Amino acid sequence: MEMQDLLNGRCGWCGTDSLYVKYHDEEWGRLVTDDRLLFEFLTLESAQAGLSWITILRKRERYRKAFYDFDVNKVAQMTEQDVERLMQDEGIVRNRLKIKSAISNAKLFIAIQKEFGSFYNYTLSFFPEQKPISYQPKTLKDIQASTPESDAMSKDMKKRGFKFFGSTICYAYLQATGFVNDHLVNCICRK
């Protein structure tokens with residue numbers, strides 16, 4: 001069955017699940033400038049690799065508890081004991097590599113903050129004129145899986161040592177955090 005482009009005036013990908021609809025209406029595509037929230041999305045998008053986003057959204061509150069409300073400094077200090085504790089936590093994705101990557105990615109995130117002043121500044125550095133992009137997709141098929149910006153950012157992050165952050169995940173991150181607006185042109189969130 002093909003997904004509808006628009007459903008109840010919204011981008012059809014969010015369907016009718018109330019959590020997904022709330023996320024679509026209140027977060028997706030809205031510019032995030034706060035580094036704590038950017039780290040949260042980076043961690044959640046990395047956890048999502050190979051899974052559906054709704055799976056991660058349903059686990060988001062548990063992730064907040066497990067990862068110190070995404071305090072990047074606290075996450076960067078997590079130890080092997082924390083990894084073992086989180087491997088027993090049914091409220092998150094219990095993948096050892098993903099849990100360890102959240103910790104190592106936190107350390108790399110802090111290094112980027114020191115180098116660029118903020119992770120927000122770093123992210124903008126991959127965009128023309130250092131400004132977010134607003135595409136004008138008419139259908140869901142018009143939405144890309146990656147762009148030159150996500151390719152470049154993902155490549156740079158990989159070179160720095162980030163894990164679970166390929167170009168497609170990077171693009172999903174850029175959409176979620178509003179560096180890219182991919183709401184369909186007739187979506188209620190465009191108004």
Side-chain angles (χ1 to χ4, degrees), residues 11 13-14 19-76 78 86 91-93 95 98-113 116-127 131-135 143-147 149-158 160-183 189:
C11 301
W13 58 259
C14 71
L19 184 62
Y20 228 176
V21 168
K22 183 176 177 9
Y23 169 72
H24 169 274
D25 289 0
E26 296 176 11
E27 291 187 87
W28 193 75
R30 293 182 187 236
L31 186 61
V32 173
T33 60
D34 175 64
D35 271 14
R36 192 210 56 79
L37 194 51
L38 291 173
F39 178 66
E40 176 175 344
F41 274 108
L42 181 120
T43 304
L44 295 175
E45 291 288 356
S46 297
Q48 184 256 333
L51 303 169
S52 68
W53 182 241
I54 190 64
T55 299
I56 301 304
L57 273 183
R58 289 183 179 131
K59 295 177 180 286
R60 189 178 192 179
E61 285 309 312
R62 189 62 211 142
Y63 266 93
R64 283 185 175 137
K65 287 184 179 83
F67 289 96
Y68 304 104
D69 199 31
F70 298 103
D71 179 322
V72 71
N73 294 302
K74 288 182 180 176
V75 175
M78 291 173 78
L86 293 177
I92 67 167
V93 175
N95 176 309
K98 288 182 179 181
I99 293 168
K100 289 181 115 172
S101 77
I103 298 166
S104 64
N105 286 352
K107 294 171 185 170
L108 298 166
F109 190 97
I110 291 167
I112 284 175
Q113 286 178 312
F116 287 84
S118 68
F119 199 81
Y120 171 76
N121 290 342
Y122 168 74
T123 305
L124 275 183
S125 75
F126 294 95
F127 286 82
K131 291 181 182 171
I133 295 173
S134 183
Y135 291 112
I143 298 174
Q144 306 164 79
S146 65
T147 61
E149 293 81 15
S150 68
D151 292 344
M153 184 172 173
S154 167
K155 184 178 179 183
D156 186 72
M157 289 176 74
K158 187 174 189 172
R160 291 170 185 269
F162 282 84
K163 303 281 188 259
F164 292 100
F165 212 74
S167 190
T168 301
I169 292 291
C170 183
Y171 192 65
Y173 169 81
L174 295 173
Q175 290 172 308
T177 56
F179 288 91
V180 172
N181 183 348
D182 267 340
H183 282 286
C189 291

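Please read these numbers as outputs of a predicted model, since none were measured by experiment.
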| field | Gap separating the CG atom of Leu108 from the CE atom of Met157, nearest 0.5 angstrom | value | 8.0 Å

| message | Please check: side-chain N/O of Gln48 versus main-chain N/O of Leu51, any donor-acceptor pairing under 3.5 Å? | response | yes

| Side chain of Arg58, backbone of Leu19: donor and acceptor closer than 3.5 Å? | no

| message | Could you report the tightest heavy-atom contact between Phe70 and Phe39, atom names first, then the distance? | response | O-CD2, 3.5 Å

| query | Which pair of non-hydrogen atoms, one from Pro132 and one from Gly178, has the smallest distance, and what is that distance? | reply | CB-O, 3.7 Å

| query | Should the pair Arg60-Glu27 be classified as a salt bridge under the 4.0 Å nitrogen-to-oxygen rule? | reply | yes

| query | Any donor-acceptor pair under 3.5 Å linking the side chain of Ser154 with the backbone of Phe165? | reply | yes

| Short N-O contact, Asp151 and Lys155, less than 4.0 angstrom | no

| request: Mark yes or no for whether Asp182, through its side chain, and Ile143, through its backbone, hold a donor-acceptor pair below 3.5 Å. | output: no

| message | Applying salt bridge (Lys or Arg N to Asp or Glu O under 4.0 Å) to Arg36 and Glu40, what does each step give before you reach the verdict? | response | CA-CA 6 Å; Arg36 192 210 56 79; Glu40 176 175 344; 3.0 Å; yes

| query | Hey, does the side chain of Asn105 reach the backbone of Lys107 with a donor-acceptor pair shorter than 3.5 angstrom? | reply | no

| Just checking, is any N or O donor in the side chain of Tyr122 or Asp35 under 3.5 Å from an acceptor N or O on the other one? | no

| message | Donor-acceptor check, side chain of Asp71 to backbone of Asn73, threshold 3.5 angstrom: yes or no? | response | yes

| Nearest 0.5 Å, what's the CG-OG1 distance between Leu42 and Thr123? | 8.5 Å

| field | Full working for side chain to side chain donor-acceptor pair (under 3.5 Å) between Ser101 and Ser104 | value | CA-CA 5 Å; Ser101 77; Ser104 64; 5.6 Å; no

| For Val75 against Ala106, the heavy-atom pair lying closest together | CG1-CB, 3.8 Å

| field | Which atom of Phe109 lies closest to which atom of Phe162, heavy atoms considered | value | N-CZ, 3.7 Å

| Nearest heavy-atom pair of Ala66 and Met78: which atoms, and what distance? | O-CE, 3.9 Å

| task | Measure from the side-chain N and O atoms of His183 to the backbone N and O of Trp28, and report whether any donor-acceptor pair falls under 3.5 Å. | result | yes

| query | For Thr168 and Ser146, does a side-chain donor sit closer than 3.5 Å to a side-chain acceptor? | reply | no

| message | Is the terminal nitrogen or CZ of Lys74 (NZ for Lys, CZ for Arg) located under 6.0 angstrom from the six-membered ring centre of Phe67 and within 45° of that ring's axis? | response | no

| said: Give me the atom names and distance for the closest heavy-atom approach of Ser46 to Ile169. | reply: N-CG2, 4.3 Å

| Does any N or O in the side chain of Lys98 come within less than 3.5 Å of the main-chain N or O of Ala49, such that one atom is a donor and the other an acceptor? | yes

